[in-house]
Number of protein chains: 2
Amino acid sequence: MKNPDTFPTVLRELLRTHQAFLSYAASHVQKLNLTLPQFDVIITLGGTSGLPYKTLGEKTLITKGTLTGVINRLEDKGLIQRVASKTDGRSQIIRLTEAGNALFKCAFPEHLTFIGRLFDDYSPEDIATLEADLVRLHKAVSTARGAGETLNDDEYEE
Amino acid sequence: MKNPDTFPTVLRELLRTHQAFLSYAASHVQKLNLTLPQFDVIITLGGTSGLPYKTLGEKTLITKGTLTGVINRLEDKGLIQRVASKTDGRSQIIRLTEAGNALFKCAFPEHLTFIGRLFDDYSPEDIATLEADLVRLHKAVSTARGAGETLNDDEYEE
DNA sequence: CTCAGTTTGTTCTAATTAGAACAAAATAGT
DNA sequence: ACTATTTTGTTCTAATTAGAACAAACTGAG
């Protein structure tokens, strides 16, 4: 094992930075009376005419068992609706309602501004370096999980 | 706002990398019949004669409302015990039992090896760069939350 | 000694996490 | 047409998340 004195602090910093970021992002989203996973679903659906449940799960990092509950609560708030697929009896298409779309159009640019502030002092190279570091760690984890297991496209492109 | 086309992908990568890492770490800890927060408490207590509840919360990133439940379940498993403070009627000292200590001594080195594998191809400079990037983002978040708010020592040193 | 303010850990809350198990529908092979 | 396998989304489970509210104990000022 290499670097035994330093990797624990790196990983702790990953966890702390992640937690700090979620807390920061949530502080804005709470004003919309939404939770982060709920908002994530709305911004993923924004600008589309609807997505299959499975695709929505892939794009949002919410596992399917959990996603049902998140969608139920958004449906209760009148922000999304489920539409049965015409071609596959198992499938559902999830899409924003008019209210959901209005919220998306108003809140998403605000949220981008709110989050974008974190990077006010970053150059494009700084951001590229950070992203490259995270991608590398992500690949290291995937490699360690299963030798040769490749990640699907969505995990590296967006 | 600067870099509007790139920061969303960086943040998504932070979330994905974090999720992938947790899943990887959990796959080892599950073999001990523990969850990640439970194991985190055990390795935080390992090598000490006990820590006050408050200190434990600070070191583990588990908020105090949640920590009570995690400690209850570890107590039920016979791995830790609560000891009333002799000097402060409100405080409790949390410490490992003999069983907890034995598990720590056995499992912690294994876990370090398991996690250390992620960094087999990293040089010390690579790790330093990654950590610096994460610390910088963490500071950016803290700065955005409250101008001038300083982080306590523990968030940057370990 | 008294009192106001702060600290500590618990209880409570709604939501989420990450699967496993399941039923219904689709697919592929014969 | 039949059958086995796979896929899709739901239900269920135990645990966790992140506070807010609370009661008991402590601290500091007067």
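Just so it is clear, the structure is predicted and the values come from calculations on it, not from any experiment. Labels below follow one simple rule: chain letters A, B, ... track the order of the sequence lines, proteins then strands, and each chain is numbered from 1.
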So which one's nearest nucleotide on DNA chain D is more toward 5', Ile71(A) or Leu61(B)? Ile71(A)
Nearest-angstrom distance from the residue atom CG of Leu51(B) to P of dT8(C): 14 Å
Candidates dT17(D), dT10(D), dG19(C) - which lies nearest the side chain of Pro37(B): dT17(D)
Nearest-Å distance for atom pair CD/C1', residues Gln38(B) and dA14(D): 10 Å
With the side chain counted from C-beta on, respond yes when Leu14(B) and Leu14(A) share a heavy-atom pair under 4.5 Å apart, and no when they do not. yes
Could you state the CG-C1' distance from Asn72(A) to dG9(D), rounded to the nearest angstrom? 11 Å
Measuring from Arg73(B):CZ to Ile80(B):CD1, what's the distance to the nearest 0.5 Å? 11.0 Å
Taking the inter-plane angle between the rings of Phe39(A) and His28(A) on a 0 to 90° scale, is it parallel (under 30°), tilted (30 to 60°) or perpendicular (over 60°)? perpendicular
Using a 4.0 Å heavy-atom cut-off, does Ser91(A) contact any base of the nucleic acid, only the sugar-phosphate backbone, or nothing at all? sugar-phosphate
Spacing of Lys64(A) atom NZ relative to dA20(C) atom P, expressed in whole Å: 10 Å
Any Gln92(A) side-chain N or O less than 4.0 Å from OP1/OP2 of dT10(D): yes
Below the 4.0 Å mark, does dT8(D) have OP1 or OP2 next to a side-chain nitrogen or oxygen of Lys54(A)? yes
Gap between atom CD1 of Ile43(A) and atom NZ of Lys59(A) - 0.5 Å precision: 11.5 Å
Below 4.0 Å: OP1/OP2 of dG9(C) and any side-chain N or O of Arg82(B): no
Tell me which of Ser23(B) and Leu36(A) sits closer to the 5' end of DNA chain C, going by the nucleotide each one is nearest to. Leu36(A)
Would you tell me if any nitrogen or oxygen in the side chain of Gln19(B) comes within less than 4.0 Å of OP1 or OP2 on dA18(C)? yes
Side-chain N or O of Arg73(B) closer than 4.0 Å to phosphate OP1/OP2 of dT16(D): yes
What is the distance from CG of Leu15(A) to P of dT17(D), rounded to the nearest Å? 11 Å
As a test of reading the structure: which of dA25(D), dA18(C), dT17(D) is closest to the side chain of Thr66(A), going by heavy atoms? dA18(C)
Closest to the 5' end of DNA chain C, once Ile93(B) and Lys77(A) are matched to their nearest nucleotides, is Ile93(B)
Tell me yes or no: between the side chains of Asp126(B) and Thr129(B), is some donor less than 3.5 Å from an acceptor? no
Can you check the Ile62(A) CD1 to dT17(D) C1' distance for me, whole Å? 15 Å
Could you tell me whether Gly89(A) contacts a base, only the sugar-phosphate backbone, or nothing, with contacts defined as non-hydrogen atoms closer than 4.0 Å? sugar-phosphate
Please evaluate the base of dA15(C) for a donor-acceptor partner in the side chain of Thr35(A) within a cut-off of under 3.5 Å? no
Do the side chains of Leu22(A) and Leu15(B) get nearer than 4.5 Å, heavy atoms only? yes
Interatomic distance, Glu75(A) CD vs dG9(D) P [rounded to whole Å]: 14 Å
In whole Å, I'd like the distance from the CD atom of Gln30(B) to the C1' atom of dT16(D). 14 Å
